[in-house]
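For ligands, and for the atoms within them, numbers begin at 1 and follow the listed sequence.
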Amino acid sequence: MSMQHDCKCKDKLINFNNMKTFCYAKNQIISSEQAAIHPLDVGLIRGYAIFDFIRIEDFQPLYLAGYLARFISSAEKLNLPLNYDQDELQNIIYALIAKNELQQGGIRMIFSGGVSDNHFSPAGGSLFIFCEELTMPSPEKYELGVRLLSEEYIRPLASIKTTNYTLPVWLSRKWKEMEVEDVLYHHGGIISESSRSNIFMVKDGIISTPKLNILYGITRKNVIALAGQVQEREISFTEILNADEVFMTSTTKRILPVTQIDGTLIRNGRPGEATQELMEKFWQLEQRERSSFKQEN
Ligand code: PDD
């Protein structure tokens, strides 16, 4: 694994491309510098691997149980033998947060397909857990909203958090100059999700979100619970263009208003009231989650 070395000092917290000094690899906590993957791992040569990403605030992983359950279920669905249960993963995560003094940031868990004789069949490979720095979207994006670009595509095995992001990574080279945040996937006139976020729309006070061909986001689940009534259903591309409000949700974004899709403004092109109300409620939920940790300690 190639890493840019910002500092060679072993005793200090070192930063390799936003990665913190210690990680879990080779079945133990080691220096991130020593983490490595076999060149013939099917995660690398066939793109057969899973991951998950958890946000850390005040040294605590937010909504941890949901992420661990999804990670374990992703491994099961891909027939990858992850020999760690929820408690073991949780203990490693807490140990890494302490060792890296990670007050705020992210935890990336990756489980690769492993090395097999035919270089194709999954074998169950390496578990990596890294601590990273995490920058959330700028205040301007929350205030003004962001633009999406439509793309005809459905993520293969969409309910599994695989590491296959080839298409959006390839497309992303154009996003900055086009001033777009991300893509909106649609197929046969039906939308599904963005490359790393779920999508919601509001029309006449009713909140809806796609039901199929998506990753079932932890943020999506929290937003559905907060909103009270959300229709999980098929949503057409035309329908979302004519919505009163659109927003996207993810661990690394919370709730981000979407104000333009392919050059079409969503209503007046400004974040709507229902979105702003949910953003506030989501923030309050996060504060409750954070204060529950303080009460436990
Ligand atoms: N992405 N859909 C896809 C395809 C995703 O990759 C993600 C998360 C989501 C939102 O899920 P959640 O609310 O659990 O973060 C939906 C992560 C953050 C990423 O790839 O960086």
Task: Asn27: partners by side-chain contact (heavy atoms from CB on, under 4.5 Å), with sequence neighbours left out - done: Tyr24, Tyr84
- [ ] Could you tell me which residues satisfy side-chain hydrogen bond (donor to acceptor under 3.5 Å, both in side chains) with Thr219, sequence neighbours excluded, listed by chain and number?
- [x] none
Task: CD (Glu239) with more than 12 external heavy atoms under 6.0 Å - done: yes
TODO: Apply the side-chain hydrogen bond (donor to acceptor under 3.5 Å, both in side chains) test between Thr275 and each candidate in Glu245, Glu280, Arg270; give the one that qualifies.
DONE: Glu245
What are the distances between nitrogen or oxygen atoms of ligand 1 and protein nitrogen or oxygen atoms, counting only those under 3.5 Å?
from	atom 1	to	atom 2	distance (Å)
ligand 1	1 (N)	Lys161	NZ	3.2
ligand 1	1 (N)	Arg196	O	3.2
ligand 1	2 (N)	Glu193	OE1	2.9
ligand 1	6 (O)	Lys161	NZ	3.3
ligand 1	6 (O)	Tyr165	OH	2.5
ligand 1	13 (O)	Ile218	N	3.4
ligand 1	13 (O)	Thr219	N	3.0
ligand 1	13 (O)	Thr219	OG1	2.5
ligand 1	14 (O)	Arg70	NH1	2.9
ligand 1	14 (O)	Arg70	NH2	2.9
ligand 1	14 (O)	Ile218	N	2.8
ligand 1	15 (O)	Thr251	N	2.9
ligand 1	15 (O)	Thr251	OG1	2.4

Task: Pair listing, ring pair (Phe, Tyr, Trp, His ring centres under 6.0 Å) test, anchored in residues 173-226, at least two apart - done: Tyr153-Tyr185, His186-Phe237, Phe200-Phe247
Task: Minimum heavy-atom distance Leu148-Ser194, with the two atoms named - done: CD2-OG, 4.4 Å
